[in-house]
Amino acid sequence: MLYEGYPVDAPHVVHAADHWLYEGTGVRPGESFDHLVGVEYDRVTPGASVPEPLEITAHSPLVCAGNRSHSDSAYYTAAGGAGVFATGTMRWVEALMAGTPEGGRDHGMDARTRAFVTRTTENLLRAFAEGPAARHRPAPRPNTRQVYGTA
């Protein structure tokens, strides 16, 4: 995951809806959450070295400074078994308060987005609290080539 751009405002689009991170969210592939990608974004860069196995869990099309690109959320396990999750957006933490009176600058994110981000974050933290995620969660399914259509 590499930083790619600022500023941006785009929907977060779920790719791997069956990933364990999304258990209990009810999301489907292609489902989106308005304004969740912003104000900066990160992505998997095809051709750049990435830790393997790496699974892109969300792949969100966007336009930043006139350039078409994508923000990605990705998960992988490090050699020692630790899980690593990158949201690809600076608004993830802000979304935990979206749609509430305490939400502050929620950039138009709603309670539905808050529920999705909250449940995903809870799943992540519970898994990591159990110890190295590779010991008790399914391995990432490498999909960078499939998502980006590269060889």
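Only heavy atoms go into these numbers, but all of them, side chains included; no hydrogens, no water, no symmetry mates.
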Query raised in the report: For Leu62, which fellow cluster members are found when Ile, Leu, Val, Met, Phe, Trp and Tyr are connected by side-chain heavy-atom distances below 4.5 angstrom, either directly or through intermediates?
Result: Val8, Val37, Tyr41
Query raised in the report: Side chains of Glu4 and Ser69: does their closest heavy-atom pair fall under 4.5 Å?
Result: yes
Report task. Assess whether side chain to side chain contact (heavy atoms under 4.5 Å, CB included) is satisfied between Val117 and Phe33, documenting all intermediate values. Result -> CA-CA 10 Å; Val117 170; Phe33 297 87; over 6 Å; no
Query raised in the report: Are the side chain of Thr89 and the backbone N or O of Leu36 linked by a donor-acceptor pair below 3.5 Å?
Result: yes
**Report entry** Student check: side-chain heavy atoms of Glu31 and Phe116 closer than 4.5 Å
**Finding:** no
Query raised in the report: Hey, does Tyr22 have a side-chain heavy atom less than 4.5 Å from the side chain of Asn123?
Result: no
Query - Matching residue for Arg141 among Asp18, Thr57, Leu54 - test: side-chain contact (heavy atoms from CB on, under 4.5 Å) - result: Asp18
Query - Spatial distance of atom CZ (Arg43) from atom OH (Tyr148) [nearest 0.5 Å] - result: 4.0 Å
Query raised in the report: Are side-chain heavy atoms of Ile56 and Gln146 found at a separation under 4.5 Å?
Result: no
Query raised in the report: What pair of heavy atoms forms the shortest contact from His12 to Ser73, and how long is it?
Result: CE1-OG, 3.1 Å
Report summary line: Output for pair (Arg135 CZ, Thr77 OG1), nearest 0.5 Å, gives 12.0 Å
Report summary line: Heavy-atom closest pair (His70 atom, His59 atom, distance to 0.1 Å) is CD2-NE2, 3.1 Å
